[in-house]
Amino acid sequence: MSKGQVLVLGSNATQLGLRGGSTATVGQYLNETAVPALALLDAGYDIVLATPNGTKSHIDAGSDTKDHFGGDEAAYQRAKDFFASHPAMNDVRTLKSVVDEGLDGFVGVFVPGGHAPIVDLMQDRDAGTILRHFHAAAKPTALLCHGPVVVVSTLDDAPAFRKALEEGDDAGAADLARDWIYSGYRMTVFSASEEKIAEEQVLKGELFFDMEKALRSAGGDVSVTDKNFASNVVVDRELITGQNPASDQAMADALIEALDRAAA
């Protein structure tokens, strides 16, 4: 018997604009999607995947490697098979449909990372509605790597906030984030120093803003590790955030612990 349904918010973005007019091909990270999802299933929870347009998320090519699974070929293959063929990854809903049908039946929500969520989910109105519901109900809300930046979708005008960040208008961004529901929450996210490495080695270009600055501009109490790509999970009330791909299992464990505690 299922312990309950966890909603997974996926991205549909495949292209990320960079300074100077270039773009990079992006997607969700395989391990950041599959490791927590499989852990939830193994723990007795069901998962429901929803994306902005109702189609399956794209996996970032840079994540399609056993290196993100500690070199474990079996774990890597299990994740690939899961994403390719498991019904939960292929019976995709739209964000709007899950909002319209009601969110009370979900016991928690999870947002994977990769650069893709900063393109669409970060400024998606339905994503904001979903996260506001889980905040108001104090239900476990877990976001990984670049996923934590999606919490700014709960702002009254998330697209304007994102535009202010791109333009370097710190005062304008802070003004748009007044009365943010997560203001003062402790949280983590893919660090500025980690992003520099990603820009140089993966994106081959510079982002318009880093994730630490985005969340601090909104009012988040952001902390990251001194060592790049060291696992780091921060829990504050219902909010569970993981810093980077290496945080996948630790974040999954924290989410399952929170879900089990809430059920008890």
Side-chain angles (χ1 to χ4, degrees), residues 10-36 57-73 75-76 79-80 83 111-123 143-152 161-170 173 187-218 220 222-234 241-251:
S11 170
N12 291 128
T14 59
Q15 296 294 313
L16 172 66
L18 303 170
R19 290 191 185 277
S22 63
T23 61
T25 299
V26 296
Q28 287 183 192
Y29 260 46
L30 176 63
N31 68 301
E32 296 178 21
T33 304
V35 170
S57 303
H58 171 75
I59 290 297
D60 193 303
S63 73
D64 193 0
T65 168
K66 66 181 180 182
D67 292 346
H68 286 293
F69 297 85
D72 186 333
E73 181 69 38
Y76 167 54
K80 285 175 65 72
F83 187 80
V111 184
H115 284 90
I118 71 176
V119 179
D120 54 3
L121 293 181
M122 177 182 180
Q123 54 187 338
L143 310 99
L144 181 58
C145 196
H146 289 79
V149 82
V150 178
V151 293
V152 304
F161 177 82
R162 190 180 189 281
K163 186 172 186 292
L165 291 174
E166 290 186 339
E167 295 174 349
D169 182 4
D170 297 345
M187 60 185 72
T188 191
V189 71
F190 198 68
S191 72
S193 60
E194 290 167 339
E195 197 69 82
K196 287 297 182 185
I197 296 171
E199 288 174 333
E200 293 171 2
Q201 298 184 8
V202 180
L203 300 175
K204 308 299 183 183
E206 185 181 354
L207 294 177
F208 287 97
F209 57 89
D210 65 64
M211 304 308 108
E212 286 187 64
K213 184 175 183 179
L215 292 179
R216 289 195 178 107
S217 295
V222 182
S223 62
V224 297
T225 58
D226 293 332
K227 181 181 178 181
N228 288 331
F229 304 108
S231 177
N232 180 37
V233 173
V234 175
T241 50
Q243 180 176 327
N244 49 38
S247 309
D248 54 2
Q249 187 61 59
M251 197 226 66

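- Partners of K196 by salt bridge (charged side-chain N to carboxylate O under 4.0 Å, His left out), not counting sequence neighbours, listed by chain and number: E199.
- Atom CZ of F190 is separated from atom CG of N228 by 8.0 Å, given to the nearest 0.5 angstrom.
- In this view, F69 and Y76 satisfy the ring pair (Phe, Tyr, Trp, His ring centres under 6.0 Å) rule, not counting sequence neighbours.
- In this structure, L30 and K80 approach most closely via the heavy-atom pair CD2-CG, 3.7 Å.
- Atom CD in Q28 sits 7.5 Å away from atom CG in L121 (nearest 0.5 Å).
- In the model, D120 has a side-chain atom that pairs as donor or acceptor with a side-chain atom of S11 under 3.5 Å.
- Remark: the backbone N or O of M211 is not paired with any side-chain donor or acceptor of E195 at under 3.5 angstrom.
- Judged purely by atom type and a 3.5 angstrom limit, E73 has no side-chain atom pairing as donor or acceptor with the backbone of K66.
- Expressed to the nearest 0.5 Å, how far CZ of R216 lies from CE of M187 amounts to 10.5 Å.
- Closest of all the heavy-atom pairs between A214 and V149 is CB-CG2, 3.9 Å.
- Judged by distance alone, with hydrogens and angles left aside, the side-chain atoms of T241 form no donor-acceptor pair with the main-chain N or O of L143 at under 3.5 Å.
- Nearest approach of H115 to A198, heavy atoms of both residues: CE1-CB, 4.2 Å.
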Would E212 and E194 count as a side-chain contact (heavy atoms from CB on, under 4.5 Å) here? Give the steps.
CA-CA 11 Å; E212 286 187 64; E194 290 167 339; over 6 Å; no
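- Under the ring pair (Phe, Tyr, Trp, His ring centres under 6.0 Å) criterion, H68 pairs with Y29, not counting sequence neighbours.
- When the side-chain hydrogen bond (donor to acceptor under 3.5 Å, both in side chains) test is applied to S217, no partner is found at least two apart in sequence or on another chain.
- In this structure, F83 has no ring pair (Phe, Tyr, Trp, His ring centres under 6.0 Å) partners at least two apart in sequence or on a different chain.
- At least one side-chain heavy atom of P148 sits under 4.5 Å from a side-chain heavy atom of L215.
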Is there a side-chain contact (heavy atoms from CB on, under 4.5 Å) between V233 and T188 once you walk through the steps?
CA-CA 7 Å; V233 173; T188 191; over 6 Å; no
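- For the pair G113 and C145, the tightest heavy-atom approach, listed with the atom from each and the gap, is CA-CB, 4.2 Å.
- With sequence neighbours excluded, the residues forming a side-chain hydrogen bond (donor to acceptor under 3.5 Å, both in side chains) with D170 are K213, listed by chain and number.
- S223 pairs by the side-chain contact (heavy atoms from CB on, under 4.5 Å) definition with V234, not counting sequence neighbours.
- Residues D248 and L144 approach most closely at CA-CD2, 3.9 Å, considering heavy atoms.
- Evaluation of the side-chain contact (heavy atoms from CB on, under 4.5 Å) rule for Q123 yields A158, P159, R162 as partners, not counting sequence neighbours.
- With rounding to the nearest 0.5 angstrom, the CD1 atom of I197 is 7.5 Å from the OG atom of S191.
- Take D67 and apply the side-chain contact (heavy atoms from CB on, under 4.5 Å) test, not counting sequence neighbours, and it matches T65.
- For T225, the side-chain hydrogen bond (donor to acceptor under 3.5 Å, both in side chains) criterion is met by Q243, not counting sequence neighbours.
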Below 3.5 Å, can you tabulate the donor-acceptor pairs from side chains in residues 16-26 to any protein atom, sequence neighbours excluded?
unit_1: R19; atom_1: NE; unit_2: L207; atom_2: O; d: 3.3
unit_1: R19; atom_1: NH2; unit_2: F208; atom_2: O; d: 2.8
unit_1: T23; atom_1: OG1; unit_2: Q15; atom_2: OE1; d: 3.4
unit_1: T25; atom_1: OG1; unit_2: Q15; atom_2: NE2; d: 3.1

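- Here the CG-CG distance, from N31 to D64, works out to 10.5 Å after rounding to the nearest 0.5 Å.
- With sequence neighbours excluded, the residues forming a side-chain contact (heavy atoms from CB on, under 4.5 Å) with D72 are A74, A75, listed by chain and number.
- Considering all non-hydrogen atoms of both residues, S231 and A250 come closest at OG-CB, 3.7 Å.
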